Every structure is written in structure tokens, then in C-alpha cells.
Amino acid sequence: MAAPENLKPYHTTSYHTLTPTQALAQLDSSPEGLQLDEARRRLEEHGPNRLPEAARQSPVKRFFLQFHNLLIYVLLASSVATALLGHWTDCGVILAVVLVNAIIGFIQEGKAEKAMDAIRQMLAPKASVIRGGERMTVEGAELVPGDIIILEAGDKVPADCRLLTEHGLTVQEAVLTGESVPVEKGLAEVALEAALGDRSCMVYSGTLVAAGQGKAVVVATGAATEIGRVSNLLAQVETLTTPLVRQMDIFARWLTLVILAVGALLLIFGHYTSAMPFADLFMVIVGLSVAAIPEGLPAVLTITLAVGVQAMARRNAIVRRLPAIEALGSVSVVCTDKTGTLTRNEMMVASALLAQRALTVTGTGYAPDGGVHHDQRLLHAEDTPALEWLARTCALCNDASLQDQGGTWNVEGDPMEGALLSFAVKAGLVLQDLAGEWHRTDTIPFDARHRYMATLHHNHQGEGVVLLKGAPEKVIALCRAQMDASGEEQPIVASHWLEAVEQTAAQGQRVLAMAFRRVAADKTVLETQDMEGQMILLGLVGMIDPPRPEAISAVAECQGAGIRVKMITGDHAGTAAAIGRQIGLENPHKVMTGADLDGLSDADLQAQVMDCDIYARTSPEHKLRLVMALQSLGLSVAMTGDGVNDAPALKRADAGIAMGMKAVPPPRRRRSWYWRTTISPP
């Protein structure tokens with residue numbers, strides 16, 4: 001792809017359209033990195049690589065804002081009036097009600113303050129860079145455009161970067177795009193209009209390197225990054241009040257006007273008609289006005305809402321502001337993210353295909369519970385040679401590990417490899433015994449250029465095998481035969497397998513192919529030519545991020561209550577449609593993408609928004625626009641999500657529900673499984 005004719009300043013250039021050489025030239029950098037003095041100069045020019053901190057209210061101001069309500073003002077005026085009348089008991093009761101209301105609101109908002117301040121903590125604290133031709137570690141805040149950084153498995157990407165080199169690099173981008181599996185990266189430039197999730201030559205701040213390594217040049221830092229753009233968008237979103245707050249404001253205004261009007265009429269009538277002394281009459285009218293004010297109303301509302309807050313807290317839901325409890329009761333549409341919210345953000349093998357058998361796999365997530373079935377009959381690896389070799393390849397041609405941590409199964413390594421381990425156990429294999437029987441002698445790691453991983457193994461009897469897993473079209477091209485269910489070789493029918501791949505992918509599943517071949521006992525080195533036209537195809541496995549069982553029941557419950565559920569995700573359309581069918585959305589056959597939304601005016605979107613329940617490949621702007629379109633129809637909208645890309649829509653919605661469980665577990669680190677939800681009005 002040719003470079004654009006007029007290159008823009010580097011903070012606005014579309015670097016995914018440039019080659020690595022063009023990107024370096026645009027940034028006035030080189031593979032040896034910036035010189036130290038140039039890095040210091042750019043740091044002064046661009047500022048530190050951190051997101052601007054939002055103005056934080058002091059505790060004192062936050063406390064006094066609890067009194068910012070017209071009805072509270074009337075009650076405070078009433079307490080002054082009752083004090084002037086000498087009714088000290090009434091004055092004390094009114095002040096106590098107002099003070100208790102303020103204290104409860106202050107404490108409850110304080111509990112959620114930390115939960116709502118997570119975006120700024122997403123930038124990497126350290127970064128490995130090349131400056132002046134030497135590798136060094138610097139603070140993440142000191143990165144500048146033009147820096148050359150080194151990325152390795154387990155790293156958090158410290159800034160938006162254009163890749164220069166990569167070796168088997170995959171990045172977990174769910175926090176920005178909603179994709180449930182790591183994305184393979186490459187060096188080739190892509191089209192200008194490519195969606196964020198399709199920019200394979202770019203890596204973005206706050207995402208996680210799942211596997212491989214690479215070198216990249218920093219193109220944007222701080223507020224200029226994609227996360228910074230979302231943060232800026234969040235600051236521009238207009239906030240709304242809840243229906244209860246609006247109704248209370250209207251009630252307070254009318255009550256105040258009625259009391260003042262009645263008091264004025266009584267004062268005029270009594271003074272000019274009955275000739276009562278003005279001072280005595282005024283005190284009587286003040287007493288009547290105080291009596292007319294329902295000073296118990298704020299207390300009743302506060303106590304009622306506080307009871308709801310405590311009930312939600314017992315279910316691990318933190319309510320940021322008390323009126324949000326009432327807002328939940330008025331919701332007519334729920335817009336929800338997919339990855340980590342409707343789904344578990346855990347890959348699972350859902351189907352497998354042998355030469356003559358289509359298999360279904362049961363279970364949930366990484367837990368090795370469930371089984372492999374054919375025609376509703378449970379299969380065991382010992383009874384089906386092809387299944388045994390398929391499961392054996394899944395387990396041995398694998399660098400991940402499964403861990404049981406207090407009844408919760410976690411994967412250390414690539415999520416898809418964790419799903420393959422779980423599948424092997426469901427097929428009847430014992431991973432410890434398998435590892436002890438077959439010793440790995442050599443490996444060809446996965447690489448985006450050849451799109452497969454191969455391992456060489458020997459057992460105690462001296463037998464040698466090459467095991468292969470990878471992209472189906474690549475693996476099938478390397479095979480000379482296929483294995484039938486009984487373990488016998490037969491001629492391979494490539495067209496049959498490729499058609500099966502398309503059918504499985506159409507169901508939203510990620511497909512991998514498995515193959516093997518026997519080799520001599522004295523072979524100790526594995527080379528790429530060992531696979532060329534010599535492998536035996538074992539079968540296919542289809543993986544998907546499965547929906548949460550509780551999400552399926554929640555969707556059904558919402559629909560039973562007349563609440564429409566719409567899924568808005570950054571993932572691919574096919575995956576979104578498959579999950580939509582599984583969770584029971586009303587219209588799972590119609591999917592609109594972000595590109596479709598860009599082609600609609602606001603009026604057209606309002607006319608069509610209720611006809612579609614699945615929106616895929618969306619950006620934060622698309623999610624925000626959909627929420628606003630629904631609100632323009634007079635609907636009360638709740639938004640649920642767990643990623644940075646959901647934040648603007650969460651803020652705009654009538655009830656924003658942020659899922660607190662980590663949607664993106666850091667690779668090779670322990671995962672937090674505490675489920676916490678923060679609910680707040682905007």
C-alpha cells in the first residue's frame with residue numbers, strides 16, 4: 001500500500017496505513033531508537049505518558065453536595081423557622097433527618113469512588129526501550145513518540161505503537177475491542193477505514209501481550225492514545241439524572257411554590273381583612289408552612305433506598321448513588337457488552353470433528369467437567385483411537401497449564417491452549433500421566449508466518465511422533481492422509497474439511513486443526529520440512545467463549561418482564577450472532593456492524609435501533625450513539641460492561657452497571673475471581 005501523499009503530524013497520522021519504514025520516517029526515529037537528549041526534548045513537548053487526572057472533589061465538598069436539593073433547602077429553612085418559633089424539638093428532628101440523609105449518601109458514594117477510578121491505572125508502570133542503540137528500562141510515563149519498545153509475553157503495552165518486528169506475537173485486546181481471544185499480530189499495513197480490532201500491525205496502550213515477542217515504535221502517548229481518546233470522550237458525555245431525582249425536583253418546586261403562595265394569600269387576607277397584627281400573623285403562617293412540609297419524606301426515601309443498597313451489597317453489587325436503586329426499576333432496555341459480561345471470557349472447546357463423526361463437548365469454561373458426545377453417547381479416548389490422538393495432540397502440542405485454585409480453574413498461558421487441555425481431560429486423558437509418558441524433544445513455536453505449532457515427542461518405548469496444531473487451511477495443506485474413527489489411514493478429502501471449517505466458523509467458533517505423524521526413534525531435531533505433505537489429519541476443534549449460565553437466565557427474566565436486551569460488542573459479527581442465539585436474544589439473525597452504523601444518520605438510526613438486538617465490531621462512539629438513540633425514543637436505558645470501551649456509554653445510560661470482575665486476566669498471572677458490580681446513575 002502506498003503511503004499517503006500528505007503525511008500529517010505524528011499524533012494524528014493513521015499509522016496502520018504505513019509500512020514500518022514509513023512510520024519510522026514519519027516519527028523521525030530509527031531502529032536504534034532516540035538519543036537521550038532527544039527523548040528528553042520530546043518528553044517536554046508531549047508531556048508524560050499518563051492520562052490526565054479528572055478533577056476530584058474534596059471530601060468536604062462531596063459532603064456539602066449532599067445538601068444540594070431544593071427540598072433539603074426548604075427543610076433547612078423550616079428548621080430555622082421552627083428555631084425562631086422556639087420549637088426546638090421539631091428543629092432538632094428536621095436537622096437530624098437532613099444530616100442522616102447527607103451522611104448515608106456521603107458514605108455510599110465514598111465506597112464506590114475507587115471502583116470508578118480504574119482507567120488511569122491501566123498504563124504500564126515500566127517499559128523496555130532502545131535508546132541510543134542500547135536497551136534500558138524506563139518509567140512508562142517517560143515514553144515519547146518515536147521511542148522503540150520491546151514487547152514480550154506477559155507485558156502490558158505501555159503506549160500506542162506501530163509494530164516493526166514480531167515473532168508469534170498475540171495481544172489480548174478485549175479491554176478495547178471486546179474480542180475474547182488474543183489477536184494475532186503482523187507487520188503488513190491495513191486499509192485506512194479498518195476497525196480498531198482489524199489493525200493487526202498496531203498494538204494499543206493498556207492491552208496485554210499474550211504470547212510471542214516484538215519490537216514497535218511509539219506513535220502516541222497519554223491522552224493521544226486510544227485509551228486517552230475514550231477518556232476524553234467520557235469527559236464530554238452529558239450526564240443525566242435518574243427519574244426519581246427528576247420527580248423529586250419537580251415535587252419540591254411545586255410544593256415550595258404552593259406553600260409560598262398559600263402563605264402569602266393567608267398573610268394578605270389575615271392582615272388586610274381580619275386586621276390581625278402582622279408579626280403574630282407571620283409567625284402563625286411560618287408554623288403552618290413548616291407543618292405543610294413533609295420533613296419525613298427525605299428520611300423515608302433515604303431509608304428505603306438504603307435498604308435496597310444493602311440488599312444489593314449482599315449480592316456483591318456496590319451502588320454508587322442511592323437514586324440508582326430506583327433507576328433500575330424503571331429500565332425498559334438493557335444494552336450489554338458481550339465479552340466478560342454475557343460470556344465468561346474463558347475459551348472452551350464446544351465441538352470437534354473426526355473423519356466420520358461430529359462431536360459435541362459439554363462443560364463450562366476451563367473446568368475439566370463434562371464430556372465428549374456423539375449422538376448423545378458419551379465417548380472415551382480409550383475406545384476411539386482418532387479421538388485419543390486428537391486429545392493427545394491437544395494436550396502435548398501445548399504450552400499452557402491448568403490450575404485448580406480453590407475450586408476455580410485458571411489457565412496459565414494462552415486461553416485457547418487452556419481450552420485444549422480441558423478438552424483432553426474431558427476426552428478421558430490424565431494430563432500428568434500423559435506428560436510422563438511422552439517427553440517433548442523439540443518444538444517449532446507458533447508463528448504468524450507459518451500459522452502452526454509443532455512438537456516432537458518420544459515415549460519410553462522409543463516411539464517418536466510429530467504433533468501439529470494450527471490454522472485449518474495450513475494444516476490440511478500439510479497432510480497426505482486422514483485418520484478414520486478406528487485409527488486407520490485413508491485418503492484425505494480436503495474440500496470436505498474446508499467446508500466443515502466454514503460451517504463451524506459460521507457458528508462463531510474459532511477453529512483449529514490437529515495432525516500427527518510417526519518418526520524414527522533417533523530423530524531429535526524438528527524442522528519445517530518434516531511436515532511438508534507427510535502429516536495425517538486427525539480432526540478439527542471449534543472453540544468459543546461460552547455464555548454464562550446466569551446470563552442466559554437473566555436475559556430470559558428481563559424479556560419476561562418486558563425489558564428488551566441488546567448486545568453491543570466489539571467482537572466479530574459471526575461470534576456475536578452465535579452468542580446471541582445461545583443466550584436467547586429476540587432477533588439473533590440480524591446483526592449490524594459499526595460500519596453499518598456509520599452509514600446511518602441519527603434519524604435513520606432511531607428508526608432502526610429497535611429492530612436489531614446485536615451490534616458487532618463497534619467502537620466506544622458507536623455504543624454511546626446507540627444508547628442515545630434509544631433514549632431519544634423515550635426509553636430508560638441500562639448499560640452493562642467491563643471494558644474501557646464501555647465507559648462513555650455507561651456514563652450516558654440512565655443506569656450504568658460496571659462489571660468489576662477482571663475481563664482480561666494478565667497472562668501468566670493469578671486472576672482475581674471476586675465478582676463485583678458497580679451501579680450508578682450517570
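Keep in mind that what you see is a predicted model, and the values were worked out from it rather than measured.
In this structure, Val218 and Val144 have side chains that are not in contact, with every pair of non-hydrogen atoms separated by 4.5 Å or more. With a 4.5 Å cut-off on side-chain heavy atoms, Leu626 and Tyr615 count as touching. Side chains of Pro415 and Tyr366 form a contact here, defined as non-hydrogen atoms less than 4.5 Å apart. Within the 4.5 Å cutoff, side-chain heavy atoms of Thr339 are placed close to those of Asp571. Residues Pro158 and Leu151 are in side-chain contact: their nearest non-hydrogen atoms beyond the backbone lie under 4.5 Å apart. Taking 4.5 Å as the limit, every side-chain heavy atom of Met453 sits out of range of all side-chain heavy atoms of Ile444. In this structure, the side chains of Ile568 and Asp337 stay at 4.5 Å or more apart for every pair of heavy atoms.
Remark: Asp530 CG to Arg517 CZ distance equals 6.0 Å, nearest 0.5 Å. For the atom pair OG1 (Thr19) and CG (Leu187), the distance works out to 10.5 Å, reported to the nearest 0.5 Å. Residue Arg617 holds its CZ atom at 8.5 Å from OG1 of Thr569, rounded to the nearest 0.5 Å. Taken to the nearest 0.5 Å, the CG atom of Leu396 stands 12.5 Å off from the CZ atom of Phe516. Taken from OG1 in Thr343 to CE in Met347, the straight-line distance is 9.5 Å, to the nearest 0.5 Å. To the nearest 0.5 Å, atoms CG (Leu478) and CG (Leu537) are separated by 10.5 Å.
A salt bridge is absent between Glu166 and Lys215; no separation between the charged side-chain nitrogens and carboxylate oxygens falls under 4.0 Å. Of the charged side-chain nitrogens involved, at least one lies within less than 4.0 Å of a carboxylate oxygen, so that Glu173 and Lys185 count as a salt-bridged pair. By the 4.0 Å N-to-carboxylate-O rule, Lys426 lies too far from Asp369 to be salt-bridged with it. With respect to Glu32 and Arg135, no salt bridge is recorded, no charged nitrogen being found less than 4.0 Å from a carboxylate O. With respect to the salt-bridge test (charged N to carboxylate O, under 4.0 angstrom), the residues Arg451 and Glu473 qualify. Of the charged side-chain nitrogens involved, none lies within less than 4.0 Å of a carboxylate oxygen, so that Asp545 and Arg344 do not count as a salt-bridged pair. The pair Asp646-Lys651 does not count as a salt bridge, with every side-chain nitrogen at least 4.0 angstrom from each carboxylate oxygen.
Across every non-hydrogen atom of Gln582 and Pro547, the tightest pair is OE1-CD, 3.1 Å. Across all non-hydrogen atoms, the minimal contact from Leu390 to Ala352 is CD2-CB, 4.3 Å. Across all their heavy atoms, Ala515 and Val475 have their closest contact at CB-CG1, 3.9 Å. The minimum heavy-atom distance linking Ala576 with Ala616 is given by the pair CB-CB, 4.0 Å. Considering all non-hydrogen atoms of both residues, Ile148 and Ser29 come closest at CD1-OG, 4.0 Å. Of all the heavy atoms in Gly580 and Pro588, the pair that sits closest is C-CB, 4.1 Å.
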**Request:** Walk me through it: do Ile536 and Cys479 pass the test side chain to side chain contact (heavy atoms under 4.5 Å, CB included)?
**Result:** CA-CA 5 Å; Ile536 300 173; Cys479 293; over 6 Å; no
**Request:** Go through the steps to decide whether Leu467 and Trp438 satisfy the test side chain to side chain contact (heavy atoms under 4.5 Å, CB included), and finish with yes or no.
**Result:** CA-CA 11 Å; Leu467 305 179; Trp438 291 93; over 6 Å; no
**Request:** Determine, step by step, whether Val541 and Val511 satisfy the side chain to side chain contact (heavy atoms under 4.5 Å, CB included) criterion, reporting the C-alpha distance in whole Å, the side-chain angles of both residues, the deciding distance to 0.1 Å, and the verdict.
**Result:** CA-CA 6 Å; Val541 294; Val511 187; over 6 Å; no
**Worked check of side chain to side chain contact (heavy atoms under 4.5 Å, CB included) between Leu540 and Trp497** = CA-CA 8 Å; Leu540 307 174; Trp497 290 103; 3.7 Å; yes
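Side-chain N or O atoms of Arg162 include none that pairs as donor or acceptor with a backbone N or O of Leu24 at under 3.5 Å. The backbone N or O of Ala194 sits less than 3.5 Å from a side-chain atom of Arg199, completing a donor-acceptor pair. Using modelled atom types, one side-chain atom of Asn398 and one backbone atom of Cys394 make a donor-acceptor pair closer than 3.5 Å. With Gln509 contributing its side chain and Thr504 its backbone, the two residues share no donor-acceptor pair below 3.5 Å. Formation of a donor-acceptor pair under 3.5 Å by the Asp147 side chain with backbone atoms of Ile130 is not found in this model. At least one donor-acceptor pair under 3.5 Å links the side chain of His450 to the backbone N or O of Tyr452. When atom types are taken as modelled, the side chain of His16 and the backbone of Leu192 share a donor-acceptor pair closer than 3.5 angstrom.
Shown here is Gln529, whose CD atom has more than 12 heavy atoms of other residues, nucleotides or ligands within 6.0 Å.
The closest side-chain donor-acceptor pair between Ser200 and Glu184, if any, does not fall under 3.5 angstrom. Under 3.5 Å, the side chains of Asn49 and Thr221 contain no donor-acceptor pair of N or O atoms. A side-chain donor-acceptor contact under 3.5 Å links Asp598 and His622. Between the side chains of Thr336 and Thr341, no donor-acceptor pair is found at a separation under 3.5 Å. For Gln403 and Asn410, the side-chain atoms include no donor-acceptor pair closer than 3.5 Å. His457 and Thr455 share a side-chain donor-acceptor pair at under 3.5 Å.
Shown are Asp155, Val183, Val171; of these, the side-chain contact (heavy atoms from CB on, under 4.5 Å) with Thr207 is made only by Val171.
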